[in-house]
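Here is the structure we will look at, set down as structure tokens.
Below, each value reflects all heavy atoms present in this structure, side chains not excepted, and no hydrogens, waters or symmetry copies.
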Amino acid sequence: DVYKRQALSRVVQRMLAKETSGRQASATEVLSDLVAARRGKFRVGAGESGVETTTLIEKRPVLLRWRVLLAMGLIVLLGLGWFVPNPLGEQLQNWLFPQVPKYRAVAILPFEAGGNDENLAALARGLSEVLTHELHHLSQDSALHVAPLSQVRKRGVRAFEAARSELGSNVAMKTVLQQAGSTVEVRMSLVDTENGRVLDRAGFSSLWTDPFSVHQSWYERARQMLRVPETAPRDSSALVFGTKAVSAFRFYLQGLGRLRSSPDSAAVSRAIDEFERSLSADPGFAGARVGLALSHLAMYAKTADEDWLRSAEATAREALARDDRSAGGHEAMGRVLIEKGDIEGAIESYERAISFDPLCTPAYEALAQCYRSLGQDERREQVYQSALQAMPGNYLFIWRLAHLYYTSGRVNEALAAYRRMIEVAPFLYAGYQGLGGMLVQKGSYEPGIDALSTSLELRHSYGSYS
């Protein structure tokens, strides 16, 4: 006890005092001081009639009382935060016990790989692609929106700050893979994009040569961290374009990762090698054939060599011959036909992709672009409306609709679309910027400036300043 130690120290100091008058006068007085020290008290003065002063131990109940009162105050505030609308209590509760928000606009950040192993880095990027695509399919829940992979890539989002400013995400999922011998350690964290606080963590280890295990373990933990209830048992291999061969899946993921890693021809060439190795392990793996077709198309874009375009078309057709229900295969065929100038054929391919995967964001975007190139704005609007029926929380298509209404002179519909966008994506600057700009143009300066100010608080942009 600190008080007893201090009191005993005072007794010893008196015993060792230089002046006789400062010491205890007798053994009886020493005993009296020691007895007092046991109670945390000390005596001042000489002789047996020395005066006993206010003691350290007597101050302790005062300190305890303050501590008890403070603790009771915190409990009351926390209780009010839970049961009664109270901003201070809610802030304190969130600070002490971070909560995953009820509305989750989620960005899956590209997976990171520790060390210098290129294969692990490629595998991590490939897993990131596949799992982001799968989690996006959970976005049918109105309280959950997972940013589509195409937007994460297009806006170059790699950190939680960019997830908030570029995608309007209020939470971001970060994943780091670290190889340790024959196993891979996976660490996951769910981060509040406003302040960087970690809301939840998870981790697991698996054989890095068994990507099915890594894939399934990550998906289940991500679902739990995002508070998504389990709907039905799932077979990881069956969801990934139809292969059960471990090596085929691993080479496929590495090919996908290399295809996304760098824009140079060398990276694309290595991706082609990986997809071909995947097909050697499982010739019926339609996903690997789609990846190979996209790699051939990427090589055509870099070289303008028509042989690559012909190879891309032949490979996409072979993928569809093996699995005509592959949305990815129809999407790849649509991209090939766009390069060939066959817009009508591309429209058919994108429509088939959507019929097999109603949440295929890239197919909706490409289909709308086809109608735009044909000057068919009415059909383009129908595409956006269909996308929103399938994905009510996907702000991207509300944004596209708002811009279409604005350029068509349908001002009131554009204003309504921007307001709807703000409801769906309250942390994204673009809805406030569009609404504010239109209100200012209409002469509604005060609400327009308020909306533009909110836009600037979320993200500094030239459009809002201008």
Do other residues, nucleotides or ligands put more than 12 heavy atoms under 6.0 Å from [X] [atom1]?
X    : atom1 : value
E185 : CD    : yes
Q224 : CD    : yes
R125 : CZ    : yes
Y406 : OH    : no
R153 : CZ    : yes
R410 : CZ    : yes
N195 : CG    : yes

Is the shortest side-chain N to carboxylate O distance from [X] to [Y] below 4.0 Å?
X    : Y    : result
R459 : E166 : yes
R317 : E313 : yes
K302 : D264 : no
R379 : E381 : no
E220 : R223 : yes
R227 : D200 : yes

Within the distance-only criterion (no hydrogens, no angle test), does the side chain of [X] pair as donor or acceptor with the backbone N or O of [Y] below 3.5 angstrom?
X    : Y    : answer
Y432 : P426 : yes
S355 : R352 : yes
T193 : A163 : no
D342 : G345 : yes
N170 : Y103 : yes
H296 : W308 : no
T183 : A180 : yes
Y364 : P358 : yes
S278 : A248 : yes
T454 : D450 : yes

Seminar exercise, completed: Residues passing the side chain to side chain contact (heavy atoms under 4.5 Å, CB included) test with R310, sequence neighbours excluded, are E306, D307
Could you tell me if the side chain of [Y] sits less than 4.5 Å from the side chain of [X], heavy atoms only?
X    : Y    : value
V176 : V186 : no
L320 : M333 : yes
V214 : F204 : yes
L401 : L388 : yes
M225 : M173 : yes
V411 : K442 : yes
L256 : F251 : no
S169 : L428 : no

For residues [X] and [Y], report the shortest heavy-atom separation together with the two atoms involved.
X    : Y    : result
F275 : S295 : CE1-OG, 3.2 Å
P110 : S128 : CA-OG, 3.4 Å
R164 : F427 : NH2-CD2, 3.3 Å
A124 : L177 : CB-CD2, 4.2 Å
P392 : V424 : O-CG2, 4.0 Å
G393 : H145 : O-ND1, 3.2 Å

Would you please classify the geometry between the [Y] ring and the [X] ring as parallel, tilted or perpendicular, with 30° and 60° separating the classes?
X    : Y    : result
F111 : W218 : tilted
W399 : Y429 : perpendicular
H215 : Y219 : parallel
F249 : Y252 : parallel
H330 : F356 : parallel

Which distance, rounded to the nearest 0.5 Å, do you find between the [atom1] of [X] and the [atom2] of [Y]?
X    : Y    : atom1 : atom2 : answer
S444 : M438 : OG    : CE    : 10.5 Å
S189 : L199 : OG    : CG    : 9.5 Å
Q254 : E274 : CD    : CD    : 4.5 Å
L297 : L309 : CG    : CG    : 6.5 Å
D323 : E318 : CG    : CD    : 13.0 Å
I108 : L167 : CD1   : CG    : 11.0 Å

Problem set entry | With E365 via salt bridge (charged side-chain N to carboxylate O under 4.0 Å, His left out) - residues at least two apart | R400
Exercise. Taking it one step at a time, do M188 and R201 satisfy side chain to side chain contact (heavy atoms under 4.5 Å, CB included)?
Worked result: CA-CA 6 Å; M188 305 163 62; R201 299 179 191 271; over 6 Å; no
Problem set entry | Listed once per pair and sorted, the ring pair (Phe, Tyr, Trp, His ring centres under 6.0 Å) pairs that draw on residues 155-189, sequence neighbours left out |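 Ring pair (Phe, Tyr, Trp, His ring centres under 6.0 Å) check on residues 155-189 returns no pairs.
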For this session: Begin with the C-alpha distance, continue with both residues' side-chain angles, and end with the deciding distance and a verdict on side chain to side chain contact (heavy atoms under 4.5 Å, CB included) for V106 and L226.
Result: CA-CA 9 Å; V106 188; L226 291 171; 3.7 Å; yes
For this session: Output, in order, the C-alpha distance, side-chain angles, deciding distance and verdict of salt bridge (charged side-chain N to carboxylate O under 4.0 Å, His left out) for R270 and D273.
Result: CA-CA 5 Å; R270 294 193 66 183; D273 291 341; over 6 Å; no
For this session: Kindly determine whether L294 and V290 satisfy side chain to side chain contact (heavy atoms under 4.5 Å, CB included), including the steps that lead there.
Result: CA-CA 6 Å; L294 292 175; V290 170; 4.3 Å; yes
Exercise. For M391 and T361, what are the C-alpha separation, side-chain angles and deciding distance, and is it a side chain to side chain contact (heavy atoms under 4.5 Å, CB included)?
Worked result: CA-CA 9 Å; M391 299 172 283; T361 296; 3.8 Å; yes
